[in-house]
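Structure first, then comments.
All values derive from a computational prediction rather than experimental measurement. Below, read A as the first sequence line, B as the second, and so on, with proteins coming before strands; counting in each chain starts at 1.
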Amino acid sequence: MSDRYQDPNPLPGSLQYYQVHYIVEGSAPDRSLLIGRCIPVTKGHFGSKRVVKVKWETSDVLANALQSDSQLDALLKDVLLNEGEIRIDPLNDHVRIYGRWKHDEEPEFNPKMFEAADRIAMHIKEIIGKDKK
Amino acid sequence: MKQREQATDSDGHLSHSSTHGSHEVEEPDVITVLAPNEKLAEKMKENGLDCRAIDIGSTPIESGPFYSYNFSSSDKLITNRGCVRVFGRNIDMVQVIQRF
């Protein structure tokens with residue numbers, strides 16, 4: 001079955017740019033603990049471009065947890081070439097993890113991005129749990 | 001000569017077949033239009049995730065702001081296109097946002 005049919009009644013004015021937010025419910029009293037972003041350090045150009053290092057700009061608590069996770073590091077090296085940057089954005093009662101906007105007819109699902117976001121969510125939940133105590 | 005046939009949907013939602021030589025194209029009888037969150041949920045299920053698309057506007061997350069605006073380049077002209085509830089993972093929900 002092909003699901004690439006365009007919506008015949010699209011919302012007026014909306015552009016074909018989608019962003020998928022991965023949401024973790026719950027929040028720490030100190031939201032500055034959770035805010036952060038992940039920036040790739042790349043080498044090479046065009047087809048030979050690759051991510052050699054993953055740099056986290058976040059609080060010490062979250063950065064220590066994320067940087068020590070080797071499985072997450074390997075996932076991010078695959079994902080960040082496509083995603084560009086991953087942001088962790090805490091709001092009142094939940095935390096959002098998202099990458100860049102994608103220009104497509106419909107929202108794209110990237111299983112590797114989901115796995116990376118799931119591991120980030122695991123560390124966020126650990127911090128939320130500790131912070132509540 | 002290459003021949004293509006695609007009429008395998010059990011629900012009869014889509015049927016499409018073409019024969020390259022005779023240029024026959026059958027239009028589908030019924031096209032099911034899915035909301036973006038439903039399409040995403042289908043893709044997630046294909047990847048083995050336990051999830052379910054939920055009605056638009058049924059969670060408080062959808063009514064609040066979608067960014068904290070602590071990052072300077074966060075978009076303002078955006079709209080909610082629905083959520084997908086995820087079960088058995090650290091991520092509780094996935095939301096689709098569209099840009100204006």
>> Are A:His21 and B:Tyr67, when compared by the centres of their aromatic rings, separated by less than 6.0 Å?
In response: yes
>> Looking at B:Asp92 and A:Glu25, would you say the former's side chain and the latter's main chain have a donor-acceptor pair under 3.5 Å?
In response: yes
>> Need one label for B:Leu77: side chain, backbone, both or neither, based on atoms under 4.5 Å from any heavy atom in chain A.
In response: neither
> Do NZ/NE/NH1/NH2 and the carboxylate oxygens of A:Glu108 and B:Lys43 come within less than 4.0 Å?
Replying inline: no
> Looking only at heavy atoms, what is the nearest atom pair of A:Ile35 and B:Asn70, with distance?
Replying inline: CD1-CB, 3.1 Å
>> Please give me the minimum heavy-atom distance between A:Phe114 and B:Ile91, naming the atom from each residue.
In response: O-CD1, 3.9 Å
> In terms of hydrophobic clustering (I, L, V, M, F, W, Y; side-chain heavy atoms under 4.5 Å; direct or indirect links), are B:Phe71 and B:Ile97 co-clustered?
Replying inline: yes
>> Report which part of B:Val86 has an atom under 4.5 Å of a heavy atom belonging to chain A: side chain, backbone, both, or neither.
In response: side chain
> Mind checking whether A:Glu115 and B:Arg89 have side chains closer than 4.5 Å, heavy atoms only?
Replying inline: yes
> With a 4.5 Å heavy-atom cut-off, do A:Asp89 and B:Tyr69 have their side chains touching?
Replying inline: no
> With only heavy atoms counted, which part of A:Tyr98 is less than 4.5 Å from chain B, the side chain, the backbone, both or neither?
Replying inline: side chain
> Side chain, backbone, both or neither: which part of B:Asp75 has a heavy atom under 4.5 Å from chain A?
Replying inline: side chain
>> Please find the pair of heavy atoms, one from B:Asn90 and one from A:Val24, that lie closest to each other, and give the distance.
In response: O-CG1, 4.2 Å
>> Just so I know, are the side chains of A:Tyr18 and B:Val96 near enough to count as touching, which here means a heavy-atom distance under 4.5 Å?
In response: yes
>> Please classify the contact between B:Pro65 and chain A as side chain, backbone, both or neither, with a heavy-atom cut-off of under 4.5 Å.
In response: both
> Cut-off 3.5 Å, side chains only: do B:Ser68 and A:Arg87 have a donor facing an acceptor?
Replying inline: no
> Counting distance only, does the side-chain N/O of B:Lys39 pair as donor-acceptor with the main-chain N or O of A:Pro107 below 3.5 Å?
Replying inline: no
> When rounded to the nearest 0.5 angstrom, what is the spacing between CZ in B:Phe66 and CD1 in A:Ile23?
Replying inline: 8.5 Å
> About how many Å separate CG of A:Leu91 and CD1 of B:Ile61, when rounded to the nearest 0.5 Å?
Replying inline: 9.5 Å
> Measuring heavy-atom distances to chain B, does A:Pro111 have an atom under 4.5 Å in its side chain, in its backbone, in both, or in neither?
Replying inline: side chain
>> Hydrophobic clustering (ILVMFWY, side-chain heavy atoms < 4.5 Å, transitive) - are A:Ile128 and A:Ile88 grouped together?
In response: yes
> Do B:Arg99 and A:Gln16 meet the criterion of a side-chain donor-acceptor pair at a distance under 3.5 Å?
Replying inline: no
> In chain order, what residues pass the ring-ring contact (aromatic ring centres under 6.0 Å, His included) check against A:Tyr17, with sequence neighbours excluded?
Replying inline: A:His103
>> Salt bridge check, A:Glu106 against B:Arg81: does any charged N sit closer than 4.0 Å to a carboxylate O?
In response: no
> Taking B:Gln98 for the side chain and A:Leu15 for the main chain, is one N or O donor matched with an acceptor at less than 3.5 Å?
Replying inline: yes
